[in-house]
Amino acid sequence: MLHMGHALNNVLQDIIIRFKRMQGCNTLWMPGMDHAGIATQNVVEQELAREGLTRHDLTREEFIARVWQWKERYGGVIINQLKRLGCSCDWSRERFTMDEGLSRAVREVFVRLYHDGLIYRGDYVIQWCPRCHTAISDLEVEYKEVNGHLWNVRYPLQDGTGELVVATTRPETMLGDTAVAVNPEDERFRGMVGKQVILPLVNRAIPDIADPYVSMEFGTGALKITPACDPNDFAVAKRHNLPLVKIMDGSAIINENGGPYQGQDRYVCRENIVKDLEDQGYLLGREPYLHNVGQCYRCKTDIEPSVSTQWFVKITPLAKEAIAAVVEGKTRIIPPGWEATYFEWMNNIRDWCISRQIWWGHRIPVWYCGGCGKTIVASVDPAACPDCKGLKLSQDEDVLDTWFSSALWPFSTLGWPDETAALKTFYPTSLLVTGFDILFFWVARMMMMGLYVMKEVPFRDVYLHALVRDENGEKMSKSKGNSIDPLEMIDRFGADAFRFTLAAYTAQGRDVRMSEERIEGHKHFVNKIWNAARFSLMNLDDYPAPAATGAKLITEGASLPERWIIHRLTLVTTEISRQLDEYRFNEAASSLYQFIWHEFCDWYLELMKPTLYGKDQPEKRTAAQANLYQLLSAILKLLHPFMPFVTEEIWQTMDDRRDSIMVSPYPAFDPALVDEEAAREMTLIMGIITAIRNIRGEMEIPPAKKLHVSISAPEDVSRRVISTGSHYITHQANLESLILGNETAEPKGSITGIVGDCRVYVLLEDTIDLAKKRAKIEKELSRVDKDLEQSSKKLANRDFLAKADPRVIEKEQEKSRDLLHRHRILEESLKKFREILTTS
RNA sequence: GGGCGGUUAGCUCAGCUGGGAGAGCGUCGGCCUUACAAGCCGAGGGUCAUAGGUUCGAUCCCUGUACCGCCCACCA
């Protein structure tokens with residue numbers, strides 16, 4: 001029921017909604033609509049089919065009641081499933097798709113368009129589904145490649161002077177031919193134009209006409225014109241005032257115009273026609289031909305282009321406004337790449353066939369007077385004919401295309417045509433989140449209708465998210481059986497992990513390839529958060545939850561890791577806010593992941609452990625607890641839009657008197673908490689710890705073995721930082737001793753790590769393989785030399801020095817100096833090793 | 001036929017205005033260190049599809065080519 005596309009759409013939307021709400025924004029978004037009108041009707045028709053019925057065996061009212069019944073059930077289930085994802089969905093709004101309010105709006109808009117001359121009724125070749133017995137719009141046709149044939153058929157000239165050979169993929173439609181056409185420039189047919197040809201089998205005389213539409217290159221150069229079966233032929237026929245011969249009924253069965261073929265199915269008829277043509281010597285040949293056949297998007301039946309009387313919206317004037325709105329930036333399409341597609345479609349748009357011969361939908365508000373035949377278009381049911389006062393009125397049987405009513409959503413749901421407060425407050429809405437697959441169906445039409453009715457765009461931002469595909473990049477669909485069930489994912493990995501995964505893989509303009517492994521990875525992340533919170537709360541058990549207001553992060557007198565993590569939190573907060581403002585979901589997710597796991601957990605919590613455990617310095621512990629509490633709160637808030645469940649759970653555990661985290665204020669940027677100095681100092685401390693760990697790992701020294709380390713730090717600043725933070729280094733790198741000097745010589749038998757301008761010497765035991773030590777140094781030296789060579793080359797380039805940005809040059813010089821420094825140190829150690837190796 | 005997008009580590013993908021090639025998973029090595037083995041600490045791994053061009057400098061900009069994918073049109 002709930003499929004991936006639904007899940008992605010609702011989750012992305014929910015992330016923005018929660019984020020904006022926490023920021024105190026009073027915005028309205030377009031809810032992800034369960035646009036299941038047609039789909040539901042389909043299901044109901046299938047149900048009926050199992051009972052051996054069609055919808056025509058029921059009355060219209062009975063049928064609609066059944067659809068409602070099904071929709072209620074379906075809708076209710078969907079709502080509950082969305083709740084499990086942490087997304088809210090207002091079923092009362094869903095209901096609105098067919099209720100009285102919308103019905104009023106639909107009629108009102110129809111009438112307005114009609115009176116503005118933008119709706120007309122006319123004959124045109126439309127796409128017709130012979131199974132659903134309804135017109136469908138061009139967009140609803142799905143083309144499928146099929147191996148067909150191209151038949152060449154002789155059409156003899158009436159005067160017996162020759163023949164025309166036409167090529168066709170659909171020989172059965174010749175029953176409806178009313179002309180044969182050639183290109184006026186085509187020399188081959190000079191003299192034939194204007195003559196009559198005999199339509200084989202039917203023996204009807206039809207003219208040979210000239211029209212530039214015919215391509216000289218394709219087929220035989222002669223084209224049969226079947227105006228009732230092909231929109232292009234229809235256009236040609238109009239130009240030449242040709243008659244229309246309709247040869248099929250609504251079920252694609254040949255009608256009385258088909259003579260002996262009457263009553264045959266179109267494909268049966270094709271076989272018979274081909275056979276008869278062959279028998280009578282009219283068939284000149286048949287070649288295999290690969291072409292596309294349109295199918296109904298609902299039932300996959302081959303569609304039958306067929307001339308019929310339908311209602312159309314004259315779309316060009318509406319499209320013009322909708323184009324302008326995007327050009328002028330009144331509505332932003334995100335990612336902007338889709339703008340081109342939008343313009344392309346809008347510029348080449350064709351009139352919109354809005355009538356459907358189905359039963360579920362809004363009836364067209366048009367009545368015909370049985371007395372005088374007048375057409376009445378009205379927003380309220382007319383009681384009598386305004387002309388002849390006759391009472392025998394019948395409403396048009398057709399209903400409107402579902403997208404007609406959907407197009408009114410942004411304002412009809414807010415109460416239009418009444419001037420409600422909601423409408424005044426929330427129109428235009430701030431954001432629409434939807435899949436690009438309905439850019440034309442829905443988004444473009446909402447734009448047009450919104451501008452037409454409200455004289456203002458329906459939304460400021462349109463965020464078009466990607467399609468969800470499976471691991472192999474195939475579009476997920478129930479029929480292919482490759483869909484991953486979101487509910488199963490929730491059961492196995494949790495809603496939070498699933499949500500986070502959806503966000504993490506939603507990069508703009510790319511499809512999402514869903515795989516279980518990724519969700520599992522994020523389940524680990526949720527687990528990490530849970531454990532980090534558990535650890536924090538364990539160390540906060542004697543810390544009273546502060547009053548909701550006034551509690552702040554304390555930098556005054558705070559330790560280095562605290563100053564640093566507060567600094568980082570501040571930066572990450574702005575980063576995430578910006579990323580979400582720009583709908584960069586994957587980046588926001590990545591920022592959170594990196595910060596929480598690799599900064600908060602890996603460094604801050606680890607470094608704070610001694611303080612938090614320490615019973616000897618209770619005042620330090622209390623101060624650390626205050627910050628820990630605030631940091632954890634802030635992290636939960638940042639995370640909340642992505643992981644509503646686990647964050648709320650922890651939030652309430654921290655202080656069960658609190659309101660939901662959902663309504664807590666989102667962390668805001670505080671310039672007072674920026675501390676570049678702390679960042680620099682921590683970078684040095686972390687660098688030294690990492691360097692020591694690196695050496696330990698490379699040399700395969702067991703973690704339990706305590707090391708002797710000495711550090712040479714020429715700069716006073718560095719020395720002070722290391723000195724103050726020495727206990728962090730000792731603890732994290734598991735040291736026995738740490739000696740600090742300004743120009744300490746490399747102790748014998750040690751291995752060197754370089755961090756900035758500092759050298760870190762790790763004393764090794766003699767038992768360690770000397771060759772291994774040497775190999776490590778050599779490896780690093782070659783790496784440094786490679787970089788150094790590249791850098792020197794660059795700096796030796798005059799053009800570079802002359803033309804590059806001075807900041808880039810300065811950076812390069814600094815890099816070069818650093819590399820040279822490293823090179824020297826490594827050379828030195830290597831020299832020493834050679835000496836040891838030769839002496840021993 | 002027209003338009004759009006993709007090609008980056010073994011896999012899946014980030015890389016937003018040209019100056020350091022990155023993440024997750026997987027792999028390898030070491031750890032049951034009192035939040036977490038769903039974990040911790042480290043390591044290895046890429047001619048950024050290809051051929052040119054612009055530039056001091058190109059994964060990034062331009063052009064051509066190859067392969068993959070999507071959308072639109074549907075010349076019978």
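Below, chain A is the first sequence line, B the second, and so on; all start at residue 1. Note that this is a predicted model, so its numbers are computed, not measured.
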I'd like the [atom1] distance from [M] over to [N], given in whole Å.
| N | M | atom1 | value |
| --- | --- | --- | --- |
| B:G44 | B:G39 | P | 22 Å |
| B:A66 | B:A51 | C1' | 11 Å |
| B:C11 | B:U7 | P | 14 Å |
| B:U27 | B:A9 | C1' | 12 Å |
| B:U33 | B:G26 | C1' | 26 Å |
| B:A49 | B:C16 | P | 14 Å |
| B:U65 | B:G6 | C1' | 16 Å |
| B:G19 | B:A23 | C1' | 22 Å |

### Query
A:Tyr213 and A:Asp233: side-chain hydrogen bond (donor to acceptor under 3.5 Å, both in side chains), yes or no, with the steps?
CA-CA 9 Å; A:Tyr213 161 70; A:Asp233 291 8; 4.8 Å; no
Options [options], nucleotide nearest the side-chain atoms of [X]:
| X | options | result |
| --- | --- | --- |
| A:Ala507 | B:A35, B:G42, B:A14 | B:A14 |
| A:Asn527 | B:G39, B:C75, B:A38 | B:A38 |
| A:Phe535 | B:A35, B:G44, B:A38 | B:A35 |
| A:Tyr593 | B:C25, B:C36, B:C40 | B:C25 |
| A:Phe440 | B:C72, B:C40, B:G44 | B:C72 |
| A:Pro703 | B:G30, B:A38, B:G44 | B:G30 |
| A:Leu605 | B:G44, B:A73, B:A35 | B:A35 |

Considering Watson-Crick and G-U wobble pairs with both distances under 3.5 Å, what does [N] pair with?
| N | value |
| --- | --- |
| B:A14 | none |
| B:U33 | none |
| B:G52 | B:C62 |
| B:G57 | none |
| B:G69 | B:C4 |
| B:G44 | none |

Just checking [X]: base, sugar-phosphate only, or nothing, at a heavy-atom cut-off of under 4.0 Å?
| X | value |
| --- | --- |
| A:Lys224 | nothing |
| A:Asn797 | sugar-phosphate |
| A:Thr226 | nothing |
| A:Thr169 | sugar-phosphate |
| A:Trp151 | nothing |
| A:Tyr289 | sugar-phosphate |
| A:Ala167 | base |
| A:Phe525 | nothing |
| A:Glu606 | base |
| A:Lys705 | nothing |
| A:Asn292 | base |
| A:Thr168 | sugar-phosphate |

Under 4.0 Å between a side-chain N or O of [X] and OP1 or OP2 of [N]?
| X | N | answer |
| --- | --- | --- |
| A:Lys609 | B:A35 | yes |
| A:Tyr613 | B:U34 | no |
| A:Lys528 | B:C40 | yes |
| A:Arg783 | B:G44 | yes |
| A:Asn348 | B:C72 | no |
| A:Trp597 | B:A35 | no |
| A:Arg693 | B:G29 | no |
| A:His291 | B:C75 | no |
| A:His598 | B:G24 | yes |
| A:Lys793 | B:C56 | no |

[atom1]/[X] to [atom2]/[Y] distance, rounded to the nearest 0.5 angstrom?
| X | Y | atom1 | atom2 | answer |
| --- | --- | --- | --- | --- |
| A:Glu163 | A:Tyr282 | CD | OH | 10.0 Å |
| A:Glu516 | A:Thr501 | CD | OG1 | 11.0 Å |
| A:Asp785 | A:Glu778 | CG | CD | 11.5 Å |

### Task
Please assess A:Phe585 against A:Tyr463 for the test ring-ring contact (aromatic ring centres under 6.0 Å, His included), listing each intermediate value before the final yes or no.
CA-CA 11 Å; A:Phe585 294 95; A:Tyr463 177 77; 5.4 Å; yes
### Query
Do the rings of A:Phe436 and A:Trp338 sit parallel, tilted or perpendicular, given the 30° and 60° boundaries?
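Geometry flag for A:Trp338 against A:Phe436: parallel rings.
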### Query
For the residue pair A:Tyr593 and A:His522, does the interplanar ring angle fall in the parallel (under 30°), tilted (30 to 60°) or perpendicular (over 60°) class?
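Rings of A:Tyr593 and A:His522: perpendicular, as their planes differ by over 60°.
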### Message
Given A:Ile809, which partner from the list A:Arg807, A:Lys811, A:Glu812, A:Gln813 fulfils the side chain to side chain contact (heavy atoms under 4.5 Å, CB included) test?
### Response
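That would be A:Gln813; it is the only one of A:Arg807, A:Lys811, A:Glu812, A:Gln813 passing the side chain to side chain contact (heavy atoms under 4.5 Å, CB included) with A:Ile809.
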### Beyond-backbone contact of A:Ile225 with A:Phe234, side-chain heavy atoms, under 4.5 angstrom
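Of all side-chain heavy-atom pairs linking A:Phe234 with A:Ile225, none is under 4.5 Å.
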### Task
Could you tell me the separation between the CD atom of A:Glu172 and the C1' atom of B:A76, rounded to a whole number of Å?
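In whole Å, B:A76 C1' lies 12 Å from A:Glu172 CD.
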### Query
Can you tell me if CD on A:Glu736 sees more than 12 non-hydrogen neighbours from other groups inside 6.0 Å?
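Yes.
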### Query
Where each residue is assigned the nucleotide of RNA chain B containing its nearest heavy atom, which of A:Thr341 and A:Trp603 is assigned the position nearer the 5′ end?
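Its nearest nucleotide being more 5', the pick is A:Trp603.
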### Query
If you pin A:His522 and A:Leu801 to their nearest nucleotides in RNA chain B, which one's is more 5'?
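Between the two, 5'-proximity favours A:His522.
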### Message
Under 4.0 Å between a side-chain nitrogen and a carboxylate oxygen: does that hold for A:Lys779 and A:Glu698?
### Response
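Looking at A:Glu698 together with A:Lys779, the answer is yes, because their closest N to O distance falls below 4.0 Å.
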Check the interface with nucleotides 16-21 of chain B: list each N/O to N/O pair with the protein under 3.5 Å, or write none.
none

### Task
Go through the steps to decide whether A:Phe493 and A:Phe498 satisfy the test ring-ring contact (aromatic ring centres under 6.0 Å, His included), and finish with yes or no.
CA-CA 7 Å; A:Phe493 306 112; A:Phe498 180 56; 9.0 Å; no
